[in-house]
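Structure record follows, encoded as structure tokens.
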Amino acid sequence: MSSQHSTELPIRELLQQKVCDHLKVIYPHLQDCGLAGELVQVMRLHEDCQTPLHHKNLWDETDMVVITYGNTIQNGSQHPLKTLHHFLKTHFTMLINSVHILPFFPYSSDDGFAVIDYRQVDPDLGDWSDILRISTDFHLMADLVINHCSAQHQWFLNFQQDRDPGRDYFFTVHPNEDLTGVVRPRTTPLLRSVQNGEETRCVWCTFGHDQIDLDFRNPKVLLEMVDIIRLYLDMGVRIFRLDAVAFLWKKIGTSCINLEETHEIVRLLRTLIEHADPNAIIITETNIPNRENLSYFGNANEAHLIYNFSLPPLLVHTLVSGNCHHLKNWLMSMPPAQNGTTYFNFIASHDGIGLRPVEGLLSDDEQQALIQTMENFGGSISWRALDDGSAKPYEINIALYDALKGTTAGEDQWQLQRFICAHAIMLALEGIPAFYIHSLVGSTNDYARVEEHGHNRAINRRQWQEEELNEKLADRGSHHHRVFYRLRELIQLRREQAAFHPNATQFTLHLGEQIFAFWRQSLDRRQSIFCLNNISDREQTVLLSSLNLIGIDQWKDVISGQVFEDMIGEITLAPYQTMWITNRW
């Protein structure tokens, strides 16, 4: 540690004061800042802790994420986490450097998001040694399921018996309170009546009656979560996904979403985490309208990354409608992320294609046309409850490969090209790209799994036997092979382009409504890439003069290898073709 002036406080003391400042916002009636000291102690932040550098980018163009369940790839009786590790090392070493393993803890429902024990690995998946091994080869992203826990968690069992720890860990409310303004992502009743010792009380259940919301008004709940964060850091977790964090703080008479206390808790957790590990990253999972989602950047003091939730529905809408008008307008409206923050770009995940993030971006008629098209391609709709008791579509449940099997006019022969085009767009946009593992291998709708599990999201949560999947990936006649190797090629190309740094300059281009185009420029301004995407099922022609290519440079499409020498000529893009035209290769 560098020497300090005599007037400066030691790092730990400065940190404790900063934590205290956060706590005064969250708990304004706090009498003293003893809690700050407890939090610093739980995180084991000593005098040698490092002060993080503000506005430092912890990523570059080589960073990419694969999203998967711990048991998506299986091999007999072997621990699925060992199988997953082997599969990732076999197929993605030197291509994808980060892995998000969806909740790998014991759970009771919601495929992992109703956590029974935050401090254990589900024995059906493996143990902490498996997690540590994966974290040595990949940056590990894990879920902090912070809003709620399982009804089978020991805390909730203790709550029902009025015992510690847990007797005061859960948010309760009188059933006669007016809760009509509360924003809900589900149609299930918000409250559940349970015994709490000798009393009957109503606990708050944002997502369902097996997922009971924790009460962060109680500082002991905050201490528990910080202790869990410390454990995850010790087990190799570098990226913390704060699940459903927008719903964290409740206040009767409000919408109970995105409240100031929620934002302050995110700021507090960032302060603690980045002092424990300056290379650790927070990502907020807030499946809400775009403007609200952007608020979780704060002033570069909340999330390092935010999910780009509007991208999946807008991109699917663009590709099935053959018109990029709304996607282009949205891209122009997105603020450049400050250094030290960036977007987390994805177009498929374990959940569905959210519709809340296109509120205000697509009209009701356009959303309905998208829904109808997805239902035509085998998808289903999940719903949420409104204030008046009615239901509204919340998300589309469908495998992305099937979502792009045609247009609003019906199925066609361009499914593979459309699917690759979608990922080429994602790879080139400002931010860090993330691939759902089922997109990488071209998985299709799994109706048997929906039937088995009884919920729509299961359609995109197939489980593969490793041997069968490897055979399909090796079969040159299968769409799995074609998807897999086309995407691998694009991933490798992206890694080599400085202009695809997550924070490199981005400008939207105006080349009509069938060409979705934008320009990226590297941080040192040496490389430019013009990203042209034909999002229609017809050939499209572009005048090179409309790109303002610098005449003294040589220009080449790094995907096809085509070199452009006539700066006033024209180029023709086949249906769903992408070009990355650059002056450096």
ring-ring contact (aromatic ring centres under 6.0 Å, His included) between His510 and Phe518, intermediate numbers included: CA-CA 8 Å; His510 300 276; Phe518 49 95; over 10 Å; no
Scan for side-chain hydrogen bond (donor to acceptor under 3.5 Å, both in side chains) pairs involving residues 421-440, sequence neighbours excluded, and state none if there are none. His438-Ser443
Aromatic contact between His91 and Phe87, with the criterion being ring centroids under 6.0 Å apart: yes or no? yes
Taking only residues two or more places apart in sequence, or in another chain, which ones meet Arg133 in a salt bridge (charged side-chain N to carboxylate O under 4.0 Å, His left out)? Asp130
Can you find a side-chain donor-acceptor pair between Ser560 and Asp557 that sits under 3.5 Å? yes
Quick one: list whatever passes side-chain contact (heavy atoms from CB on, under 4.5 Å) with Ser310, sequence neighbours left out. Asn290, Leu314, Trp330, Pro357, Leu361
Heavy-atom count check: over 12 atoms from other residues, nucleotides or ligands less than 6.0 Å from Gln78 CD? yes
Using 30° and 60° as the class limits, which term best fits the ring planes of Tyr232 and Trp128: parallel, tilted or perpendicular? tilted
Quick one: list whatever passes side-chain contact (heavy atoms from CB on, under 4.5 Å) with Glu61, sequence neighbours left out. Ala498, Phe500, His501
Applying side-chain hydrogen bond (donor to acceptor under 3.5 Å, both in side chains), which residue pairs with at least one partner in residues 63-76 are found, sequence neighbours left out? Asp63-Asn97, Thr68-Thr72, Tyr69-Arg461, Asn71-Gln463, Gln74-Gln463, Asn75-Glu466
Check side-chain contact (heavy atoms from CB on, under 4.5 Å) between Ser546 and all other residues, then give those that pass, not counting sequence neighbours. Leu511, Val542, Leu543
Across all chains, not counting sequence neighbours, the salt bridge (charged side-chain N to carboxylate O under 4.0 Å, His left out) partners of Arg356 are Glu359
Of all residues at least two apart in sequence or in a different chain, which pass the salt bridge (charged side-chain N to carboxylate O under 4.0 Å, His left out) check with Asp537? none
Show the numbers, then the answer: is there a salt bridge (charged side-chain N to carboxylate O under 4.0 Å, His left out) between Asp111 and Arg457? CA-CA 10 Å; Asp111 280 356; Arg457 286 179 167 177; over 6 Å; no
Pairs satisfying salt bridge (charged side-chain N to carboxylate O under 4.0 Å, His left out), at least one member in residues 479-490, at least two apart: none
Any salt bridge (charged side-chain N to carboxylate O under 4.0 Å, His left out) pairs touching residues 137-149, not counting sequence neighbours? Lys89-Asp137, Asp143-Arg241
Criterion ring pair (Phe, Tyr, Trp, His ring centres under 6.0 Å) against Phe344, the qualifying member of Tyr296, Tyr307, Phe309, Trp59: Tyr307
Fit a plane to each ring of His148 and Phe207, take the angle between them on a 0 to 90° scale, and name the class: parallel (under 30°), tilted (30 to 60°) or perpendicular (over 60°). tilted
Using the test salt bridge (charged side-chain N to carboxylate O under 4.0 Å, His left out), find all partners of Arg418 that sit at least two apart in sequence or belong to another chain. Asp412
Give me the ring orientation class for Tyr401 and Phe419: parallel if the planes are under 30° apart, tilted from 30 to 60°, perpendicular past 60°. perpendicular
If a pair satisfies salt bridge (charged side-chain N to carboxylate O under 4.0 Å, His left out) and one of its residues is in residues 434-447, list it, with sequence neighbours excluded. none
